[in-house]
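Just so you know, ligand 1 is whichever comes first in the structure, and atom 1 is the first atom listed for that ligand.
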Amino acid sequence: MNKFVKKINNLNYQKKIVLIGFMGSGKTTLGKKLASKLNISFVDLDEAIAEQEKMSISQLFETKGEDYFRKIEHQKLKEILSKNNKIVLSTGGGTPCFYENMQLINHYGISFYLKYTPAFLHSRLINAKAKRPLIQQLTSEELLGFIEQKLVERQPFYEQSNYILEEINLTPDFIIAQHLSNK
Ligand code: S3P
């Protein structure tokens with residue numbers, strides 16, 4: 001048995017694993033990899049909302065507005081978190097910043113903030129605006145300004161996470177070895 005497999009079999013986390021961070025920070029990609037290594041289910045909050053409402057997040061913003069989306073987002077988050085199962089949950093970029101969502105996340109989960117610079121997020125988002133209603137209409141320059149401003153507003157929520165992961169720490173193996181294993 002190699003060292004990594006041993007670690008996987010010797011985990012001591014009891015709570016759900018919740019990934020948070022700005023749009024474009026790779027929560028879904030990292031979440032899927034992490035869930036697969038831990039052999040537990042992966043849940044994407046936006047996908048769960050879209051499935052329940054039977055429309056895409058863009059359509060939801062367009063037809064019902066952001067306030068409605070935030071209400072549904074809060075309800076769905078509560079529903080998913082309060083189930084008695086182990087999962088990796090990927091949240092939306094705004095999730096921690098509305099209602100008492102961050103307290104809920106930290107009550108039911110071990111939270112990880114995937115922290116990136118505005119420049120990096122800009123490079124990730126410039127070609128991935130279409131599905132994201134908040135940035136769909138922005139030019140490249142406006143997008144950078146939007147990211148910088150929103151990060152100032154959102155960072156205080158994101159930084160309530162149990163762990164902050166930056167660059168070299170942003171791998172499933174690091175998370176498992178450093179934060180979820182009996183050392
Ligand atoms: C949002 C982020 C999106 C989605 C919605 C609003 C935000 O999720 O929930 O468009 O407020 O930052 P991603 O972070 O997965 O793009």
Side-chain angles (χ1 to χ4, degrees), residues 16-35 41-81 87-106 109 111-140 142-161 163-167 170 172 175:
K16 292 178 171 56
I17 295 162
V18 185
L19 303 184
I20 73 167
F22 205 77
M23 290 176 265
S25 57
K27 293 163 296 215
T28 303
T29 308
L30 181 67
K32 281 182 179 165
K33 285 188 194 156
L34 189 55
S41 298
F42 169 75
V43 178
D44 182 285
L45 182 59
D46 275 341
E47 260 178 40
I49 294 167
E51 199 176 301
Q52 174 184 293
E53 298 294 301
K54 297 185 175 47
M55 65 176 93
S56 71
I57 301 300
S58 289
Q59 285 169 326
L60 201 54
F61 266 72
E62 208 176 297
T63 57
K64 308 227 171 144
E66 181 171 352
D67 288 353
Y68 177 82
F69 172 78
R70 296 302 174 192
K71 209 168 87 195
I72 298 295
E73 181 183 46
H74 172 63
Q75 287 166 357
K76 201 73 199 165
L77 176 74
K78 222 161 42 179
E79 183 192 311
I80 293 169
L81 287 175
I87 57 165
V88 176
L89 173 67
S90 161
T91 58
T95 312
C97 319
F98 291 84
Y99 297 92
E100 76 277 21
N101 290 348
M102 202 55 220
Q103 282 100 298
L104 275 174
I105 290 170
N106 282 340
S111 54
F112 293 90
Y113 169 30
L114 282 51
K115 187 172 183 179
Y116 286 104
T117 61
F120 180 84
L121 293 169
H122 181 264
S123 71
R124 292 275 303 251
L125 289 170
I126 192 69
N127 295 315
K129 294 189 294 173
K131 279 198 229 155
R132 294 182 162 103
L134 293 177
I135 58 171
Q136 257 160 10
Q137 315 292 344
L138 304 182
T139 63
S140 172
E142 287 168 344
L143 178 61
L144 186 59
F146 175 88
I147 295 168
E148 285 168 343
Q149 189 209 321
K150 276 279 175 230
L151 270 179
V152 171
E153 286 169 28
R154 290 180 171 188
Q155 208 99 264
F157 295 95
Y158 294 161
E159 288 185 346
Q160 291 170 35
S161 291
Y163 301 108
I164 298 177
L165 303 172
E166 292 180 78
E167 289 187 49
L170 276 156
I175 295 172

(message) Has His122 got a side-chain atom pairing as donor or acceptor with Ser140's backbone, closer than 3.5 angstrom?
(response)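 Yes, the answer is positive, given that a donor and an acceptor are paired below the 3.5 Å cut-off.
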(request) Examine distances only and state if a side-chain atom of Lys16 and a backbone atom of Leu81 form a donor-acceptor pair shorter than 3.5 Å. (result) yes
(request) Just do the side chain to side chain donor-acceptor pair (under 3.5 Å) check on Glu79 and Gln75 with the steps written out, would you? (result) CA-CA 6 Å; Glu79 183 192 311; Gln75 287 166 357; over 6 Å; no
(request) Evaluate whether atom NZ of Lys129 has more than 12 neighbouring non-hydrogen atoms of other residues, nucleotides or ligands under 6.0 angstrom away. (result)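 Atom NZ in Lys129 is packed in, count exceeds 12.
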Could you list, one pair per line, each nitrogen or oxygen of ligand 1 together with any protein nitrogen or oxygen closer than 3.5 Å, giving atom names and the distance rounded to 0.1 Å?
unit_1, atom_1, unit_2, atom_2, d
ligand 1, 8 (O), Asp46, OD2, 2.8
ligand 1, 9 (O), Asp46, OD1, 2.9
ligand 1, 9 (O), Asp46, OD2, 2.9
ligand 1, 11 (O), Arg70, NH2, 2.7
ligand 1, 11 (O), Gly94, N, 3.4
ligand 1, 11 (O), Arg154, NH2, 2.8
ligand 1, 12 (O), Gly94, N, 3.3
ligand 1, 12 (O), Arg154, NH1, 2.7
ligand 1, 12 (O), Arg154, NH2, 3.4
ligand 1, 14 (O), Lys27, NZ, 2.6
ligand 1, 14 (O), Gly93, N, 2.8
ligand 1, 16 (O), Arg132, NE, 2.7
ligand 1, 16 (O), Arg132, NH2, 3.4

(request) Sequence neighbours left out, what passes ring-ring contact (aromatic ring centres under 6.0 Å, His included) with Tyr158? Give chain and number order. (result) Tyr113
(request) Verify whether one side chain among Thr95 and Asn101 offers a donor that lies under 3.5 Å from an acceptor in the other. (result) no
